[in-house]
Amino acid sequence: MSPESIRFDRAAGFYDETRGFPPGEDRHIAALIAQAAYLTPSSRVLEVGVGTGRIALPLAGHVGAIVGIDLARPMLERLLAKRTAEPVRVVEGDVTRLPLAPGLFDAAVAVHVFHLVPDWPDALREVARALRPGGRLVSGWNEGDRGMGESALWRAWDAAVGAITRRNVGVPRERYRTFLEDEGWRPAGDLLVHRYVTRHTPRGFIDQIERRVWSSFWRLPDADLARGLAAVRAAMRELGLDPDQPLEHVARFNVQAYLPPDR
Ligand SMILES: C[S@@+](CC[C@H](N)C(=O)[O-])C[C@H]1O[C@@H](n2cnc3c(N)ncnc32)[C@H](O)[C@@H]1O
């Protein structure tokens, strides 16, 4: 039996608070996705790993309909609680076995999901099956949203606990830019990038570790968490970082459209 995907049931209560974009940035990101996939007000879009609708809800204004699929019912319930008139429907299901007929969608969207799916090549085949001929998959991912201070704190964590604790079960971090091409998907159009400023305090960063908000921390033994936290706190003092002074840096949200491998 293959290992299981990381589902976000436990994150539903804190996902938007910890992963939300700064106010207004979601509109720019949705516009970039619409541009990359040539979306129109009649487009039918599938979002795999839709979560709380962080992408789908702002994207809905550009399209005719979105179907969002996710393993985690509590995440979908969050989406439904936020939805007003947006044409977004949700389906509880697995991207490696889409419970959908073939060729239904003009485009598919995947943002921060394939790193959670051990069988991600199967998932890609399912996405290809769901697309109509000529339909595009838009992959979106964040990059570079760590300033020097936060990077130093992560280095302290890795030195104390091991970077392996942050290893993905699915697509590895270093393959985010290449994994689709490695599987035969063809880039369609340029990489589009939206830059925006984020602000995090060191105290907030430590608080997020303590609360295990990132999925790679969910299976970490308590003793490892305590050791890592001690190292991060020590690094914060050594670096002279004010725990409450926000560290400001530029985040990049990347958007790249792809056409599926030739069938
Ligand atoms: C990091 S969240 C991203 C949510 C959304 N795309 C966004 O950018 O805000 C990943 C989501 O993928 C879901 N997920 C993980 N494995 C999945 C699978 N095999 N099939 C469907 N959803 C999956 C999780 O439950 C979670 O809601």
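One-based numbering, in listed order, for ligands and for the atoms of each. Note: hydrogens, waters and symmetry copies are ignored here, and every other heavy atom, side chains too, is used.
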Kindly say whether the aromatic ring centers of Phe8 and Trp218 come within a distance under 6.0 Å.
yes
How about Phe205 and Trp154: are their ring centres within less than 6.0 Å of each other?
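When the ring centroids of Phe205 and Trp154 are compared, they turn out to be within the sub-6.0 Å range.
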Please lay out, stage by stage, how Trp141 and Phe114 fare under the test ring-ring contact (aromatic ring centres under 6.0 Å, His included).
CA-CA 11 Å; Trp141 72 101; Phe114 294 126; over 10 Å; no
Check: every ligand 1 N/O to protein N/O pair under 3.5 Å:
| residue | atom | partner | partner atom | Å |
| --- | --- | --- | --- | --- |
| ligand 1 | 6 (N) | Glu47 | OE2 | 3.1 |
| ligand 1 | 6 (N) | Gly49 | O | 2.8 |
| ligand 1 | 6 (N) | Val111 | O | 3.0 |
| ligand 1 | 8 (O) | Arg54 | NE | 3.4 |
| ligand 1 | 8 (O) | Arg54 | NH2 | 2.9 |
| ligand 1 | 9 (O) | Tyr15 | OH | 2.8 |
| ligand 1 | 9 (O) | Arg54 | NE | 2.8 |
| ligand 1 | 19 (N) | Ser5 | OG | 2.9 |
| ligand 1 | 19 (N) | Asp94 | OD1 | 2.9 |
| ligand 1 | 20 (N) | Val95 | N | 2.9 |
| ligand 1 | 22 (N) | Leu71 | N | 3.3 |
| ligand 1 | 25 (O) | Phe8 | N | 3.0 |
| ligand 1 | 25 (O) | Asp70 | OD1 | 2.7 |
| ligand 1 | 27 (O) | Asp70 | OD1 | 3.2 |
| ligand 1 | 27 (O) | Asp70 | OD2 | 2.7 |

Any donor-acceptor N or O pair under 3.5 Å, side chains Thr96, Asp119
no
Ignoring hydrogens and geometry beyond distance, is a side-chain donor-acceptor pair present between Tyr176 and Asn168 at under 3.5 Å?
yes
Enter the distance from Ile33:CD1 to Leu192:CG here, rounded to the nearest 0.5 Å.
10.0 Å
